[in-house]
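Positions are given from 1, in the same order as the sequence printed here. Predicted model only: the values in this text are computed from it and were never measured.
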Amino acid sequence: MYVCSCFGITEQQVKQHAENGACTPRQIASACKAGTDCGGCVRRIQALLGRGACPRRELIDRGAPAFPQLPRTAAVATASDADRDAA
C-alpha cells in the first residue's frame, strides 16, 4: 500500500528505511523524499514508525550514545581546527 502518493513510496519501503535506522519522519524524508511535497503522508509515516521502532532511541533510553564517536580525519577538520593549527 502506498504511503506517499507524491513519490510512490510504499509502507514496506518506509519500514525498510526504519530498519536501516531512520527514526523520524524527517529521516524518512531524507532517505526517500516521502513527506516533502504535500505533507499528507507524514502522520501515516509517524504511525508506521511508532514508539520504540528506533534502535537509536533504545540506546538513548539505556544511556548509551545514539551515534558512536567516529574517528576524526583530516577531511572533516573544521575551520576552527585550521585556525588553531595556524596559530
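Residues P25 and I45 share a closest heavy-atom pair of CA-CG2, 4.0 Å. Between I9 and C32 the shortest heavy-atom distance is CD1-O, 3.7 Å. The nearest pair of heavy atoms linking A18 to L49 is CB-CD2, 3.7 Å. Taking both residues in full, the closest heavy atoms of C41 and C4 are given as SG-CB, 3.8 Å, listed atom of the first, atom of the second, then distance.
Pairs passing the salt bridge (charged side-chain N to carboxylate O under 4.0 Å, His left out) check and including a residue from residues 23-39, sequence neighbours excluded, do not occur. Here side chain to side chain donor-acceptor pair (under 3.5 Å) pairs that include residues 8-18, with residues two or more places apart or in two chains, are T10-Q13, E11-R44, Q16-N20.
In this structure, I28 is a member of the same hydrophobic cluster as F7, with clusters built from ILVMFWY side-chain heavy atoms closer than 4.5 Å.
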